[in-house]
Amino acid sequence: MKRSNIAVVLAAALAALALAPVWAGGGGEKKSDGTINLRFSWWGGEERNVIYQQICDRFEADNPGIKITREPGSWNDYFTKLATQVAGGGQPDIMQMHRNYVKMFSDNGIFLNLDDPSVKGIIDWTYIPQVAIDTGVVDGKNIMINIGLSTNGIFTNTAILKELGIPESRLENMSWETFEALCNEIAQKSKGKYYGYPDDSFGPNETTLSMYMRSRGHNLYKEDGSLEFTKEDLTAWLELFDRLRKSGGAPAATVSAEDQGVTFEQSLFVAGKQAMHINSCNRLEIYQNLMPSQPLILERSPSYKGITGENIGSANIAISAKSRYPKEAAKFLDYFVNTERSLELYLVQNGFPANTKMNEYVGSKLSPSMRLASEFMGVVNTAKNVTTLPAFPPPQNSQDILRLLGDESQAVAFGRKTIARAVDDFFAAAGRL
Amino acid sequence: MGITARSRKKSLESHTLEAYIFMSPWLIGIVVLGIIPIFSSLYFAFTDYNMLSSPKWIGVKNFVQMFQDAMFLRSLRVTFTYVFLGVPLSLLMALVVALALVNPFKTVGPLRAIMYLPSLLGGSVAISVLWRLLFTQDGLINQMLLVFGIHGRSWIGDPRYAIYTLVLLRMWQFGSPMLIFIAGIKQIPDTLYEAADLEGAGYFRKLVNITLPLLSPIILFNGIMGLIGAFQDFTNAYIISNGSGGPMGSTMFYSLYLYQKAFASFKMGFASAMAWVLLVIIAVFTVIVFKTSAKRVYYEN
């Protein structure tokens, strides 16, 4: 071989190497030995990653010929990464999905309709109640399967109540007024050592915000994406937290600013400096493990004129419309939500199984704090005074709206704006979005 | 066989193909990862584009919207504060340390290396996390202040002060300009100082009349590089505010807001428009610095 030829070959190899990443990616490939490869992405912490990995391992063992490539991610950048993948046409075959983000993806036809003939009969819907199926229906299309139902409750640190001599019965059937009084009492009796509740207007905390508004009879958004809650609602909300900040029932603005910047393991609540906060009831176990000497209980959200704004939330999984192996992907979904092999590991990771049989099965395996959460779910499920969540998910720009509200709320918290001014500015700016 | 001029020319030509193929990884890189994205972003700047659906042409609407956006205007204010405080202060810091470390003494080598270290670390996530911990209510800084009986506040939790913790972090990264200053000072001919010594000039006289004028091109260079870098700073604000630019938008760097628009709100068109506006801003300020400094910078030839 002539020297120049060697050079050409070498250079060509280099060029190929440089181009390789451009051609890589894309979902659902078949290896030379006939194995089908499916990509599965989810968000979650270390604990969830371990559980999901084990479920994938079991699925592979039970379904020879299918391999699952796992793509774990953190909640903070999960949807950013997914959007980038979609933009490049390389989204995973199977994707964990959230109601608050589903709209921007579903509007662009990213997901496979699970009622599509190509996957018919693979997923067993027999034991999944219609309300749970509905959590995955967007614009009339069944695009996500439910992987856990949950509701929000007030996590309460009973050690703090005990120390201050406040009976737990004070937490029952709270209205927003008695809730406020309780927060103030906690601050006063502890001489500022403990806060009652976080300043959920600061971020704002979407869960508390939507619960508050729904208890007043309004959702955050209408179906066309415009705001449903009114200036009066928002004024009442900002005034509540303004009073709490001033009384010490909620932390001052600078403290909230610091609390926002840390992970939940380092939050004021876990540090035992704050008596209550709101969270998904299935996460009680995680918090209880972090603070073993401070028994936690769950209480229902405060009410407005007897009505509470709780809702049944869910996490879901969807299949990419671009997947080359939708049947196998559907098989994985079915395995994930309908088999004891999977649920034995999964338990209540994202909430309680929608499949009624599996929920019974999981029920026998629950730890004390999971059982507490399960009972709490039962209470909320059968309660008469609960509002229902709208059948449509939030609009595409809901995160922008929340950020905008956070800016205005912080201007109030730091004393830069009056509440009236902040409310007007928010509605004006939200209208321009 | 002797090589004639003609055959040499031919053999050179015959190698151009190989040359291009060898350069191809770089060429492909610059085209695929550089030129194409740059021009697509210029196109996206005039569209409504959310990454998922195809871009829609909307003319200059993004630019109009930008200047009606209160948070955008705040991000400009925050960035200007940061740049026009942080850059001169870090230059001053670099110059002072350079002057102290320019003359050789026993431990000058290790000392220069140690002084350079923050420049290597400053932009990292770990240092930003550390910075956070230093300036919280119960942070190290406040604990130190307490020794002197001063009750500090939450420096990063207060919108009035949060930006200054970032300016301080910028100041702390004086390593690269410091090294360039040291090299620059060493270039100044000794004869000038000797002549000044004969005239009986003191240290500050020499500093003001010899060192600074002859160093002025280097100061300009460091200033411009600092300016361009500071306008694009991102990591520090992102980590310290946990990506929010808070409290109350007080650490909302331009680049952080751009990132939020692009990757949290998925407004790629708006974000692209912001990127081009930033380019114009940096270009304008660079030109201004060049023009206003023309008379004050001394070039030997």
Side-chain angles (χ1 to χ4, degrees), chain A residues 4-19 21-22 76-77 79-88 101 104-105 107-110 202-203 252-263 396-397 399-400 403-404 406-411 413-414 416 425 429 432-433, chain B residues 11 14-15 17-29 32-33 49-54 65 68-71 74 129 132 135-139 153-162 239-250 252 259-268:
Chain A
S4 64
N5 284 355
I6 298 173
V8 171
V9 171
L10 249 173
L14 254 175
L17 217 68
L19 270 177
V22 179
N76 286 337
D77 49 21
F79 293 97
T80 303
K81 187 180 166 198
L82 196 59
T84 315
Q85 287 175 325
V86 171
Y101 287 85
M104 70 176 261
F105 292 98
D107 279 356
N108 296 290
I110 306 301
F202 199 84
T254 52
V255 180
S256 299
E258 284 188 8
D259 200 37
Q260 292 261 303
V262 298
T263 60
Q396 275 196 27
N397 65 358
Q399 298 306 310
D400 267 359
R403 247 197 309 281
L404 200 61
D407 292 340
E408 298 298 341
S409 309
Q410 288 179 25
F414 283 109
R416 300 293 171 82
D425 287 355
R432 280 198 299 269
L433 275 180
Chain B
S11 92
S14 72
H15 280 297
L17 175 68
E18 282 103 313
Y20 277 117
I21 298 176
F22 266 111
M23 282 194 292
S24 63
W26 183 84
L27 283 175
I28 292 166
V32 173
L33 303 174
Y49 178 46
N50 72 353
M51 285 170 83
L52 300 177
S53 43
S54 47
Q65 238 170 25
Q68 293 169 343
D69 181 344
M71 191 49 99
R74 197 171 332 155
V129 171
R132 223 196 129 75
F135 288 98
T136 54
Q137 181 78 59
D138 311 318
R153 54 185 70 248
S154 169
W155 304 105
I156 58 159
D158 191 318
R160 280 172 299 180
Y161 302 108
I239 302 294
I240 285 176
S241 72
N242 198 22
S244 71
M248 237 185 86
S250 60
M252 186 66 91
Y259 170 85
Q260 276 194 359
K261 279 288 168 192
F263 294 106
S265 312
F266 301 103
K267 295 208 159 83
M268 266 309 154

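First the proteins, then the strands, lettered A, B, ... as listed; each starts at 1. Keep in mind it's a predicted model, so treat the numbers as computed, not measured. In what follows, every heavy atom counts, from backbone to side chain, and hydrogens, waters and symmetry copies are set aside.
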May I ask you to name which of A/Q399, A/R432, A/R416, A/Q260 has the most heavy-atom pairs under 4.5 Å with chain B?
A/R416
For A/E258, is it the side chain, the backbone, both, or neither that has a heavy atom closer than 4.5 Å to a heavy atom of chain B?
both
Can you tell me how far apart CZ (A/F202) and CZ (A/F414) are? Round to the nearest 0.5 Å.
4.0 Å
Report yes if the side chains of A/F79 and A/M104 come closer than 4.5 Å at any heavy-atom pair, otherwise no.
no
CG/B/L17 to CD1/B/I21 distance, rounded to the nearest 0.5 angstrom?
4.0 Å
Engaged part of A/Q396 at the chain B interface, taking heavy atoms whose separation is under 4.5 Å:
side chain
Separation between CZ (B/R132) and CH2 (B/W155), nearest 0.5 Å, reads 16.0 Å
Any residue meeting ring pair (Phe, Tyr, Trp, His ring centres under 6.0 Å) with B/F263, in chain and number order, not counting sequence neighbours:
B/Y259
If you count heavy-atom pairs under 4.5 Å between each of B/Q260, B/M23, B/R74 and chain A, which one has the most?
B/Q260
Bottom line for B/S241: the part with an atom under 4.5 Å from chain A's heavy atoms is neither
Whatever's closer than 4.5 Å to a heavy atom in chain B on A/T84 counts as both
